[in-house]
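In what follows, every chain begins at residue 1, and chains take the letters A, B, ... in the order their sequences are listed. Just so we're clear, the structure is a prediction, and the values are computed from it rather than from any experiment.
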There are 2 protein chains.
Amino acid sequence: MDKNKIIRIKDIAKLSGVSVGTVDRVIHERGKVSEVSKAKVEKVLKEINYTPNLLAKTLGSNKVFKIALLAPHLDEDPYWNLALSALGSTQKEWQPYHIEILPFYFELHNADSYHKESERLLACNPDAVISAPIYLPEALTFSKKLKVMNIPFIHFNTLITEADPLAFIGQDLYQSGRLAASLLNLVCHDQKGSLATLHIVQSIQHSIHFQDKENGFNDYCKALASPQKTTSILINAHTQELFEASLLKAINEFEVKGLFIPTSSGAKKTAEVLRNNHLKDIKIVGYDLIQDNIDLLRSGEIEFLINQSPNKQLYRGVYHLAHHLLFKNPPPKKELFPLEIITRENIDSYTCAQILNQ
Amino acid sequence: MDKNKIIRIKDIAKLSGVSVGTVDRVIHERGKVSEVSKAKVEKVLKEINYTPNLLAKTLGSNKVFKIALLAPHLDEDPYWNLALSALGSTQKEWQPYHIEILPFYFELHNADSYHKESERLLACNPDAVISAPIYLPEALTFSKKLKVMNIPFIHFNTLITEADPLAFIGQDLYQSGRLAASLLNLVCHDQKGSLATLHIVQSIQHSIHFQDKENGFNDYCKALASPQKTTSILINAHTQELFEASLLKAINEFEVKGLFIPTSSGAKKTAEVLRNNHLKDIKIVGYDLIQDNIDLLRSGEIEFLINQSPNKQLYRGVYHLAHHLLFKNPPPKKELFPLEIITRENIDSYTCAQILNQ
DNA sequence: ATGAAAGCGCTAACAG
DNA sequence: CTGTTAGCGCTTTCAT
């Protein structure tokens, strides 16, 4: 038993008294193998710990795997821009292993475009798919098609349990809401007033995604030793003026002392209103390291950000799919990312570090 | 110009009218090549864009690179246990690329043992070294030897600028102290009293490492709109009773309302004292996700932890050295890790997620 | 159904 | 000095 000895297919062949070809067929379930040979090989496989050599594997094969990516267009929204910022380096990283990543972009506020791109995607018949399923019915339809075609797929960012993806990569949104509540309570527990979740309505699907966060937020406040009053503000305004008017009205009505803004882009609009109206004492907890939010955090207009690391989500999704394709390694059903708390004092350590791949 | 065509050494050989052997010699500057052949090959190389195939490269070579690791023994201390917890998977990950990681462990509180292990390490003549240089003079001596022997080395955990390593992996300790101060101020700004840095002296080298943290901590408190008084408590006690007595004395003397504990293992001893003496109102900020600290955070006896991710530090160090050896890719001179804030509400998201590699 | 053998791109040992 | 060739471990084709 030489522990350091690396086991090759050749070794397995010798041990089980068949040829390398047969071992290969058993391992990959390709071609025909007699029950007898199969049993012999499997017996050996069970006894030893065989790990195929990835290098030899991809070198010896000329198959190129295609992973298709379906996500919102990166020019429309800073959050998605951030999410896709690691695409280039991820592509480069996997290229040597014969894995290609083909992006398909849909328009963020256009469910129809989502559907169309998903069709274009299927047309290139990929070996696997990673997508951000932000349109519920369309994503379900798409997932069903993938199931039928037997194409493995991973979801990131948005959890749709019914779609039953190979894996989900993202955060626990309920807990994220709890965290936000705990932070907001920390900075304004000594003032009177209520804490509000601010929903800025842009399109319907958002409400689903953000409900979990709000639930966590409210539950946390309710369960406090001295319960904290919470409210929910829903604003559907197309101009900044209308938005301002609605927000001010709500702030007055509920005596708001802290705002929880579950969208990454909402904090800027909100901070602007507070600034213009000298409402410095109202604290904000927002989401994600998009430039606007970083600036607001530095200037002191936002108290905390919670980082969802959307770029890492994509990176990990590709990682899991690649391993699935290359080794049939099943990924964990759910990979929940840490809920990263960002403040003025640690923001630099997040923006300077380029610890992406890895 | 077929863009998709991947250029092989064979192609270069054909284009320059020499053999693959000669091309290989030119590319790697090994063996003897006539000026004429060299010129021919270099001309072709300049015209085309040749990227060697890593897979073929490592597969075709039987050179195994040895990366030696020098770190404290993992059985002595939970922090180092955590730091080295990823060693096994890291070794496994790099094995296929012909990279071996050979650990050498020294005794944490024994500079002599550090020296001895560093000598043993050199005796195995490694191709690169990654070490935690926690003993200043010994680490400098060691670094000088490595420089002379032309062995690339990376430092993690502790920064020693004079040693001039290929790279440093760790955190900005000054900023880390500032962060701790901001957190502690958040939870006890409404009480009277001072905030104290608690140094539990175990051996001399610690003072160097932790001074930066304390400076950041104090500077932050001084610069507040209403400056916060700070003190420094130094305890050198061999029994928990002596420790308790000293700590209580200091707490009374300085009217301590919050404690900053820059070592990962100090929080437990301290929390115990506070618990026994019903000093619930004194808040603690500590370091690292070792089990004791996790428990104390959950039970509410610690307010915040700052995570140094020592396991990732090692992982990244190996990553950089491997790339350096395989591709001559120079790593960044410094890789500073994010200062991760851990609270009761996000601890689960850190302990559940097994997002280590990568 | 199975074994033998020819690659994949690169390295390194071996003749000249 | 230079060309040739035998691997590295796995895939895939081709006989048998």
remark   = In B/S/- notation (B base, S sugar-phosphate only, - none; protein heavy atoms under 4.0 Å), nucleotides 1-10 of chain C written 5' to 3' is SBB---BBBB
Between side-chain atoms of residues 48-58 of chain A and protein atoms elsewhere (two or more places apart, or another chain), which donor-acceptor pairs fall under 3.5 Å?
from  : atom 1 : to     : atom 2 : distance (Å)
A:N53 : OD1    : A:L55  : N      : 2.8
A:N53 : OD1    : A:A56  : N      : 3.1
A:K57 : NZ     : A:L326 : O      : 2.6
A:T58 : OG1    : A:L54  : O      : 3.2
A:T58 : OG1    : A:L55  : O      : 3.4

query = Can you name the side-chain hydrogen bond (donor to acceptor under 3.5 Å, both in side chains) partners of A:H320, sequence neighbours left out?
reply = A:E335
Presence of salt bridge, B:K116 and B:E119, under 4.0 angstrom = no
query = Angle class for the A:Y105/A:H73 ring planes (parallel below 30°, perpendicular above 60°, tilted otherwise)?
reply = tilted
Let me have the donor-acceptor pairs involving side chains of residues 7-18 of chain A, under 3.5 Å, with sequence neighbours excluded, atom names and distances please.
from  : atom 1 : to    : atom 2 : distance (Å)
A:R8  : NH1    : A:D11 : OD1    : 2.8
A:R8  : NH1    : A:D11 : OD2    : 3.0
A:D11 : OD2    : A:R8  : N      : 2.7
A:S16 : OG     : A:I12 : O      : 2.5

Residues 28-35 of chain B side chain polar contacts: donor-acceptor under 3.5 Å, at least two apart:
from  : atom 1 : to    : atom 2 : distance (Å)
B:H28 : ND1    : B:D24 : O      : 3.2
B:H28 : ND1    : B:D24 : OD1    : 3.4
B:H28 : ND1    : B:R30 : NH2    : 3.3
B:R30 : NE     : B:D24 : OD2    : 3.0
B:R30 : NH2    : B:D24 : OD1    : 3.2
B:R30 : NH2    : B:D24 : OD2    : 3.1
B:S34 : OG     : B:S37 : N      : 3.2
B:S34 : OG     : B:S37 : OG     : 2.8

message = I need the A:L166 CG to A:H324 NE2 distance, nearest 0.5 Å.
response = 5.0 Å
remark   = Its 5'-most and 3'-most nucleotides having an atom under 4.0 Å from a non-hydrogen atom of chain A, DNA chain D is contacted over D:dG9 to D:dT13
